[in-house]
There are 2 protein chains.
Amino acid sequence: MATPTLALVLDLIRTSGPISRVELAAHSGLTPATITNTVRELLAGGLVRETGRRPVAVGSPRRLLDLAPDAWYAVGVQLSRSTITTVVTDFTGRRLVSAQSPGVGDGTVQATLTTLAAHVEHLLASAAVPRKRVLGLGLVTHGPQDRERGMILTAQPTPAWQRFPLSTTLNELLSLPVLLENDATAAAISEQWTGALGVGTFGVVWVSGSGIGGGVVLNGEAFGGPIANPVEIGHVPLDPSSTLCACGNRGCAEVTAGPAAVVAQAVADPLQQGRLRLSGRPEDTLNDFERLAVAADRGDRWALALLRTSADRLADAVVTLMNLFDLDTVVLSGPAMVTAGPLYAEAATRAAERGALARLLRPVKILLSPDAATAAAVGGALVVLRSPLAHAEPPAVPEKNVSPLTT
Amino acid sequence: MATPTLALVLDLIRTSGPISRVELAAHSGLTPATITNTVRELLAGGLVRETGRRPVAVGSPRRLLDLAPDAWYAVGVQLSRSTITTVVTDFTGRRLVSAQSPGVGDGTVQATLTTLAAHVEHLLASAAVPRKRVLGLGLVTHGPQDRERGMILTAQPTPAWQRFPLSTTLNELLSLPVLLENDATAAAISEQWTGALGVGTFGVVWVSGSGIGGGVVLNGEAFGGPIANPVEIGHVPLDPSSTLCACGNRGCAEVTAGPAAVVAQAVADPLQQGRLRLSGRPEDTLNDFERLAVAADRGDRWALALLRTSADRLADAVVTLMNLFDLDTVVLSGPAMVTAGPLYAEAATRAAERGALARLLRPVKILLSPDAATAAAVGGALVVLRSPLAHAEPPAVPEKNVSPLTT
């Protein structure tokens, strides 16, 4: 069976299951014969199972198909300066366990990855997941990346990370395939998979402690870009009078609107730093930003003014994304949006209703991710589960290992 | 035969012909059997012809296929405030005649379109093209558009043009199908068809007298956008301290870097306006800009400084396009780039080498269109010739009408 066909059918079952063969043919545009053959192969391989029947007006009830949750498992890791978020999901993308650990410190990259690998082994053990069925690890970081070589291309979070062979090292430590993905693209894949948006075409602006990224899904497919680093919405010049960014441009959203910029402005005033109990250390950016967001939420005018300026600048980036990709829907996601999200969404909505050209044809929508903190890590696991790696037949495992998860 | 297959094969022959069936299968990814059947249908319909044989190392020579130039003809019209450019092309996209006429004046839209229709009839007659084989007219304007309804959505060039039924009116005047397309996208299609770039993935920034547009070609396909108005690079906020644009955003490339903005700055100084003999009337924007470009080219420091500021701002837009679509190649095109092009390309190259993220993986290239003035009009004709309209069998025409073109 052709890989694209298998992948398409598996993805449709993942996002729309339980689903009948008739619906699969209708949604995929594939012929009934191709669906029959593909589903037969998926059932035989243990990737899909029949989960019941749905009565129809005329004829016999339709048998419904769903992914076999225990066919494969995957690990998703979202790495940043502030926090490392790790999830383990089953084949359907459902999160079994998740954990936050301290972000990338000043130690060597090798030491950070060794600690991370131990953490992953611990999580896998606590989820009682059969190790043989762990398909791989999706490593999610800021861009730009060299995905083929599994490297970050810039000197962030620290210069030691630039062009360090991340995927190869983690692969050796864990004996698992490691796929590198952009954080915002992973978040977009996660949004698409949950299907909560109800649309197949949208953008994601991802705001984490370490930066701002973008992802675009067009007709259900993440826009991958011809090279490797699409939708770098955090790195487009938005203000010629502003600061130079490490990327080479002036006034990028990341240096004008990103959490690190907001926190830097706040701690520049020692009085405010003390009053709002901000650490100001790079590894505490997300915590500090969260404190500011909580203060703003409670009516602190100084914090509110600071966040509003940042939100207006991020809104410019949102409109840029909409006008270049012709989008009417953008989701704000990322750990920095957990508390500050509504304030940023409000500013982006104002800007989109004023300047997004899609408004001339349709209503425009700015939404908040329901899973802002961990969407990218879950997306990392989904990248692995949606890859051709998952088309192999899962190995047999002793019954007792599987039982904690199938109950 | 499925329309996408026919379209794919026709397009491959258009861009790569003369080409053999073996090469068609290799380039398209279609099976040899599908190629054989499709080509048989195209030969029988008179859309394609055999044009000779190419010897190969082993076996019989391969018969070569090319489009039948006289199968269909198309008209391309690029409309702007300054100029209307009209071309007639044969089925291969080769320009038979082209003409410039005065741009959109202050008369009614109906009057402008009536004059345009008469002009088109005149051009078709002078090209001695059999009227029955004129497939349609591709009307190319700035965006945003409602392509389905054939309308411009903004109050440019004048308020009377907003939501006026352009396609329907021209269709009634000429009894020809009229397809509306974005100017920059049309220019991108034209660049892709000439194949001179040698790459299938690139961006186009289109600078005309009336504005700035963007087009993106990904793997040989123009990025069409999920709604109708992709890559509006002239309308993204690039400078929060700058002027408000009609689109709703502040500091768009169009109001900070576009020819109209440059000319407005120049004529704001009566001394310079007189010295450089600038008209300052909206319909003369392109001429005035051209005068400034010629002056700068001859070493006029004042004009040079003005253009350099504009070029630096347009360079920001170029980098934005590259970083969102993950591009390493951008072509500058449009009538405003005929003389000023090298200066703008130089600024964009500097900005791209400093801030385009693709540079971290590959060399970045900013190129000038070899056909900057008329690329969009030719693209308009190509939109018609590449549409499913062209899959019909061309009607028979008396031999004498065809002869002037087949010699």
Side-chain angles (χ1 to χ4, degrees), chain A residues 143-146 148 153-154 199-202 214 216 218-219 223-242 245 247-252 256 312-313 315-317 319-328 351-362, chain B residues 143-146 148 153-154 199-202 214 216 218-219 223-242 245 247-252 256 312-313 315-317 319-328 351-362:
Chain A
Q145 307 166 326
D146 185 334
E148 218 168 291
L153 291 173
T154 50
V199 292
T201 296
F202 59 92
V216 168
L218 301 168
N219 295 319
F223 178 72
I227 308 176
N229 295 292
V231 203
E232 280 290 357
I233 192 65
H235 297 293
V236 299
L238 287 170
D239 186 351
S241 70
S242 181
C245 174
C247 79
N249 295 303
R250 197 169 281 282
C252 290
T256 59
D312 283 338
R313 194 51 40 81
D316 283 345
V319 169
T320 297
L321 183 64
M322 296 176 89
N323 285 359
L324 286 194
F325 282 94
D326 193 18
L327 303 172
D328 55 19
E353 287 178 349
R354 191 179 58 224
L357 295 170
R359 78 183 189 279
L360 301 170
L361 288 167
R362 300 191 192 184
Chain B
Q145 308 166 324
D146 185 333
E148 217 170 292
L153 292 172
T154 50
V199 293
T201 296
F202 58 92
V216 168
L218 300 168
N219 295 319
F223 178 73
I227 308 177
N229 295 293
V231 203
E232 280 289 358
I233 192 65
H235 297 293
V236 300
L238 287 170
D239 186 353
S241 70
S242 182
C245 175
C247 79
N249 295 303
R250 197 168 281 282
C252 291
T256 59
D312 284 339
R313 195 52 40 80
D316 284 346
V319 170
T320 298
L321 184 63
M322 295 176 91
N323 286 359
L324 287 194
F325 282 94
D326 193 17
L327 303 172
D328 55 19
E353 287 178 349
R354 191 179 58 225
L357 295 169
R359 76 182 190 279
L360 300 170
L361 287 167
R362 300 192 192 184

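Proteins get letters first, then strands, A, B, ... in listed order; numbering begins at 1 in each.
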Residue part contacting chain A, namely of [X], when any heavy atom lies under 4.5 Å:
X        : value
B:Thr320 : both
B:Arg313 : side chain
B:Pro144 : side chain

Tell me every residue that passes side-chain contact (heavy atoms from CB on, under 4.5 Å) with A:Ala351, counting only those two or more places apart in sequence or in another chain.
A:Ala315, A:Val319, A:Arg354

A:Ser242: what forms a side-chain contact (heavy atoms from CB on, under 4.5 Å) with it, not counting sequence neighbours?
A:Asp239, A:Thr256

Does [X] reach the main-chain N or O of [Y] with its side chain, forming a donor-acceptor pair under 3.5 Å?
X        : Y        : answer
A:Asn249 : A:Pro237 : no
A:Asn323 : B:Glu232 : no
B:Asn229 : B:Gly143 : no

Best-contacting candidate, B:Leu321, B:Ile233, B:Val216, against chain A by heavy atom pairs under 4.5 angstrom:
B:Ile233

Under a 4.5 Å cutoff for heavy-atom pairs, which residue among A:Leu238, A:Leu357, A:Leu360 has the most contacts with chain B?
A:Leu238

